[in-house]
Amino acid sequence: MKRLVIVGAGTGGLMVANFVARDLSREIAHGEISVTLLGDKDEYIYQPGFLYVVFDLMRPAQLIRPIKELLAPGIEFVHDRAVRIDPEGKVVERAGGEALHYDYLVLATGSGLNLQEVPGLSEGGHWFYTLEGALQLRDELRRFQGGRVVLTVGVPHKCPVAPLEFTMMFDEWARVRGIREQTEIVYTYPLGRTHSIPSVAEWAQPELEHRGVRVETFFNMESVEPEKKVVHSLEGTDVAYDVLVAIPPHRGDELGAVSGLAEAGNWYPTDRNRLNLNGRDDIFVLGDATNLPVSKAGSVAHFEAEVLADNLVGLLTEGSPPAYQYNGRAFCFIETGLERATFISFDYLNPPKVPQPTNAVHWFKQTYNRIHWANLKAVM
Ligand SMILES: Cc1cc2nc3c(=O)[nH]c(=O)nc-3n(C[C@H](O)[C@H](O)[C@H](O)COP(=O)(O)OP(=O)(O)OC[C@H]3O[C@@H](n4cnc5c(N)ncnc54)[C@H](O)[C@@H]3O)c2cc1C
């Protein structure tokens, strides 16, 4: 029997497991192939929904589903944490049970917040990158009657357009509530422009100006003084705030570092086309956990999962070398307020263009928020 083990039951891990299990349902039923998904949580949370929770546009219950409800038939789900990988013995050690042996291993462990990197941030800042954080920010905004709201961005971070989306949604939210005149919005960014992607920055600069948002570039968040309500940058600038909304810097799960397989930041060195861990032909990586020069986004995990699943099916059934290649494809909706949105679509070779925001794209995103589950289950 050939054994596929996937670590991480988030967007990328679930999609790979489901694509493979649907393609190989007969082989799994005959006991020729096994697909095991190891995840440290037994519920899946749809993270893009956090942005809507902040503005009371979605309820937390709409974002959460038990993993068991999202699995194609034939997948064995193990609710546990992977604590070490032995690549020579082809074994994944678990925190609370017997080790799992594999022929092929997929690492889909995502990325998490590195709050310790910015002293004072935990005490002085808000963020919408976890459900708890989004709920706290939502409560803060429910009480908010005006003042200075400062947005700061740590690097690297997932969903690269989220800082712009929050700023534009907040601007319109404050207008609708009739408190925009009492509210100053400051958008800071670590680079010398408003976004890491040049065409997005070119589009965003006048959009922010038009909304009366103050922009501070070259602002790398260094520390926060909660008592004084000031955020300091590495560049030596200070910005006072009433509400600080931070995108904390991210890092990969420690599994990679503990196993000696990851590099700085706990990111896995990954082949940009075949998605194998560099130097290994039996370990693959996808989603936020890679070191690839692509956005850390659910859409990227999805496009990678399709390629990886096709290659894994070939490997598991015929032992054929990976033929399908990932081309850096990414797609991101950008909410530009409460009723309009645009999007960017790009790959390794083709940078994005930003079309005019429309109401239709906003509703497309709203629809996607509700049908994401079908995507995860690999039924569409
Ligand atoms: C506020 C916000 C808005 C976003 N908006 C968008 C958007 O509009 N569009 C978009 O495409 N993307 C968006 N994203 C990004 C998207 O959610 C992530 O990029 C995507 O979920 C990455 O998928 P992944 O499988 O790599 O990681 P995840 O989905 O995070 O899954 C990783 C899983 O692995 C588990 N895990 C980690 N380590 C271990 C271990 N050692 N053992 C067992 N399990 C482990 C984790 O608990 C987690 O369940 C947004 C994210 C946020 C926070």
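Atoms within each ligand, like the ligands themselves, are counted from 1 in listed order. Everything numeric here is computed off the predicted structure, so don't read it as measured data.
For a threshold of 3.5 Å applied to N or O pairs, the pair formed by Thr11 and ligand 1 contains at least one separation below that value. Where the criterion is an N or O separation shorter than 3.5 Å, residue side chain and backbone included, Gly12 meets it with respect to ligand 1. By the 3.5 Å distance cut-off applied to N or O atoms, Ala162 is not counted among the residues near ligand 1.
Ion pairing of Arg274 with Asp281 is absent here, as no side-chain N (NZ or NE/NH1/NH2) approaches a carboxylate O to less than 4.0 Å. The existence of a salt bridge linking Lys296 and Asp288 is excluded, since no basic side-chain nitrogen approaches an acidic carboxylate oxygen closer than 4.0 Å. Between Arg143 and Asp139 there is no salt bridge, since no side-chain nitrogen of the basic residue lies less than 4.0 Å from a carboxylate oxygen of the acidic one. By the 4.0 Å N-to-carboxylate-O rule, Arg272 lies too far from Glu304 to be salt-bridged with it. Taking 4.0 Å as the cut-off between side-chain N and carboxylate O, Asp242 and Lys229 do not count as a salt-bridged pair. A salt bridge links Arg211 to Glu207: at least one charged side-chain nitrogen sits closer than 4.0 Å to a carboxylate oxygen. Salt-bridge formation is detected for the pair Arg3/Asp103: a Lys NZ or Arg NE/NH1/NH2 atom is positioned less than 4.0 Å from an Asp or Glu carboxylate oxygen.
Counting only heavy atoms of the protein, atom 14 (N) of ligand 1 lies nearest to Cys159 CB, 3.6 Å. The closest protein non-hydrogen atom to atom 10 (C) of ligand 1 is Gly298 N, 3.3 Å. Closest to atom 53 (C) of ligand 1 among all protein heavy atoms lies Tyr129 CD2, 3.5 Å. Annotation: atom 31 (O) of ligand 1 to nearest protein heavy atom, Gly10 CA, 3.2 Å. The protein atom (non-hydrogen) at minimum distance from atom 41 (N) of ligand 1 is Ala82 O, 3.0 Å. Scanning the protein heavy atoms around atom 13 (C) of ligand 1, the nearest turns out to be Pro48 CG, 3.7 Å. Nearest non-hydrogen protein atom to atom 37 (C) of ligand 1 is Thr109 O, 3.2 Å. The protein heavy atom nearest to atom 40 (C) of ligand 1 is Arg81 NH1, 3.5 Å.
If you look at Gln47 next to ligand 1, the close heavy atoms, those under 4.0 Å, come from the backbone and the side chain alike. Contact annotation: for Asp253 versus ligand 1, heavy atoms closer than 4.0 Å belong to the side chain alone.
Those atoms of ligand 1 with a heavy atom of Asp80 less than 4.0 angstrom away are 43 (C). Close approach to Gly287 involves these atoms of ligand 1, each under 4.0 Å from a residue heavy atom: 26 (O). Each of the atoms 1 (C) of ligand 1 lies under 4.0 Å from some heavy atom of Phe128. Atom numbering of ligand 1 starts at 1 in the shown order; those under 4.0 Å from a heavy atom of Ala108 are 32 (C), 33 (C), 34 (O). Distances below 4.0 Å separate heavy atoms of Lys296 from the following atoms of ligand 1: 19 (O). Annotation for ligand 1: atoms under 4.0 Å from non-hydrogen atoms of Asp288 are 18 (C), 19 (O), 22 (C), 26 (O). Within ligand 1, counting atoms from 1 as listed, the ones closer than 4.0 Å to a heavy atom of Lys365 are 8 (O). With ligand atoms numbered from 1 in the order given, ligand 1 contributes 35 (C), 36 (N), 39 (C), 43 (C), 44 (N), 45 (C), 46 (C), 47 (O) to contacts under 4.0 Å with heavy atoms of Asp40.
The environment of NZ in Lys90 is crowded: more than 12 heavy-atom neighbours from other residues, nucleotides or ligands sit within 6.0 Å.
Taking both residues in full, the closest heavy atoms of Ser122 and Leu115 are given as OG-CB, 3.8 Å, listed atom of the first, atom of the second, then distance. Among all heavy-atom pairs drawn from Ala309 and Phe19, the shortest one is CB-CB, 3.4 Å.
Of the residues listed (Trp127, Phe128, Phe50), the one engaging Phe166 in a ring-ring contact (aromatic ring centres under 6.0 Å, His included) is Phe128, and it is the only one.
Taking the six-membered ring for Trp and the full ring otherwise, Tyr324 and Tyr326 have centroids separated by 6.0 Å or more.
One hydrophobic cluster, built from ILVMFWY side chains closer than 4.5 Å, holds both Met168 and Val54.
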